[in-house]
Number of protein chains: 2
Amino acid sequence: MLNQSEISAIRNFNRDYTKLLGIMNKKVLNTPLSWTEGRVLLEISFNNDKTPIEVATNLELDKSYTSRILKRFEKNDLISKSPSDTDSRSVELSLTADGQKLVKELDDRSNQQIKDLLTDLSTAEQKQFYQAMATLDNLLFTRK
Amino acid sequence: MLNQSEISAIRNFNRDYTKLLGIMNKKVLNTPLSWTEGRVLLEISFNNDKTPIEVATNLELDKSYTSRILKRFEKNDLISKSPSDTDSRSVELSLTADGQKLVKELDDRSNQQIKDLLTDLSTAEQKQFYQAMATLDNLLFTRK
DNA sequence: AAAAGTAGTGGACAAAGTCCACTATAATGC
DNA sequence: GCATTATAGTGGACTTTGTCCACTACTTTT
């Protein structure tokens, strides 16, 4: 069991990291998209032909909120909706060419951001960083 | 320099961790406070006699937004304001007894949350977790 | 003493998110 | 097959959260 000072250190890291992620997430939005919109678009890009409900549940968003976002996306010609052939209540979402272009942009920016973040570290330190993060990932997420 | 798959892994971790932190942050709010309000209260507790402007700049909040939060806090008797004796435009903030009590509650909850998060890990794994996080903290924040 | 800057507040608004009700279809129990 | 129950998607109405701007009262700079 961890002692109090270790727990405090973890909380401290979480606080700082929340802030960092917040800043990074905001910056990705030098696109016309809000953070949540960005997540939605990426979610669709991960797997074309996702339904709105899948997007909403994966991102833990309100379905009506999601619906509105998707409507905006359609209006701005980022995605298109096509009727599902297995469930006629539902629709399948796919990225338009513009949508794909924007995803690529977001993607490039995100990659660049990570590089920028690590730019002050030596190669050895970067590896160390990666290793430490892989450890956390494994302990928190992958194992489950 | 990290390769693309390593960068992707980092981004992936960031995405998952953002989500986790989001959930954890929301949960702390089984108090009457929103997340930002909680941060503000903690910020004051870190160092009594902070001024509103210090709080706002430390947390990167809009000062008018901060002002309103503080007003609410005062109304709910969580903090009190006393005129600064060095700058008569400014005020010094301090926690009331109720405020301190709430801080303690938030604090306990946060500690518990970390414990819960790690509860499925063995002691060795918890140490490993702590170590990995300390590495990240050092590379990202402490060094600077 | 004038000019420029800063602390704090409030009005007005925008953005983000929630809640509820509704329609249309699907799935389930019988 | 038919009634019941559940689910996908949408929209209205609202709350919460956060931003922008202008203003007052003071401080600092020159």
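This is a predicted model, so every value here is computed, not measured. Hydrogens, waters and symmetry mates are skipped; everything else that's a heavy atom, side chains included, is used. Every chain is numbered from 1, with letters handed out A, B, ... down the list of sequences.
Protein atom CG of B:Asp85 is 16 Å distant from nucleotide atom P of D:dC26, rounded to whole Å. Rounded to an integer number of Å, the gap from B:Glu37 CD to D:dG18 C1' is 12 Å. Atoms CG (A:Leu70) and C1' (D:dG11) sit 14 Å apart, rounded to a whole Å. Whole-Å rounding puts the A:Lys75 NZ to D:dG11 C1' distance at 15 Å. We find that CD of B:Glu60 is positioned 17 Å from C1' of D:dT17, with the value rounded to whole Å. Rounded to whole angstrom, the span from the CG atom of B:Leu59 across to the C1' atom of D:dG18 amounts to 14 Å. One interatomic measurement links the two molecules: NZ of A:Lys50 to P of D:dA8, which rounds to 15 Å at whole-angstrom precision. Going from atom CZ of B:Phe73 over to atom C1' of C:dG8 covers 17 Å, rounded to whole Å.
A donor-acceptor pair shorter than 3.5 Å cannot be found between the side chains of B:Thr36 and B:Ser34. No hydrogens or angles considered: nothing links the side chains of A:Gln126 and A:Ser122 as a donor-acceptor pair under 3.5 Å.
Using a 4.0 Å heavy-atom distance criterion, A:Ser84 is classed as making no nucleic acid contact. A:Ser64 comes within 4.0 angstrom of a base, heavy atoms only.
Side-chain nitrogen and oxygen atoms of A:Lys63 include none within less than 4.0 Å of the OP1 or OP2 phosphate oxygen of D:dT7. For B:Ser67, no side-chain nitrogen or oxygen approaches OP1 or OP2 of C:dA7 to under 4.0 Å. The phosphate of C:dG8 has OP1 or OP2 within less than 4.0 Å of a side-chain N or O from B:Ser90.
B:Leu33 CG to B:Leu78 CG: the interatomic distance, rounded to the nearest 0.5 Å, is 6.5 Å. The NZ atom of A:Lys19 sits 7.5 Å away from the CZ atom of B:Arg39 when rounded to the nearest 0.5 Å.
If B:Asp62 and B:Arg72 are placed on DNA chain D by their nearest nucleotide, the residue sitting closer to the 5' end is B:Arg72. Residues B:Thr66 and A:Ile69 both approach DNA chain C. Their nearest nucleotides, taken by heavy-atom distance, put B:Thr66 toward the 5′ side.
In the interface, the side chain of A:Arg89 is paired with the base of D:dT7 through a donor and an acceptor atom under 3.5 Å apart. Not a single donor-acceptor contact under 3.5 angstrom links the side-chain atoms of B:Arg68 to the base of C:dG8.
The side chain of A:Asp87 has D:dA8 as its nearest neighbour among D:dA8, C:dG8, D:dT27. When distances run from any side-chain atom of B:Tyr65 to the nucleotides C:dT18, D:dT10, D:dT19, the shortest one goes to D:dT19. Picking from C:dT18, D:dG9, C:dG8 the nucleotide with the shortest atom distance to the side chain of B:Ile53 gives C:dG8. When distances run from any side-chain atom of A:Lys71 to the nucleotides D:dG11, C:dT9, D:dC26, the shortest one goes to D:dG11.
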Show the numbers, then the answer: is there a salt bridge (Lys or Arg N to Asp or Glu O under 4.0 Å) between A:Lys81 and A:Glu92?
-> CA-CA 6 Å; A:Lys81 298 177 182 173; A:Glu92 284 171 0; over 6 Å; no
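Salt-bridge check for A:Arg109 with A:Glu105: passed, with a basic side-chain N closer than 4.0 Å to an acidic carboxylate O.
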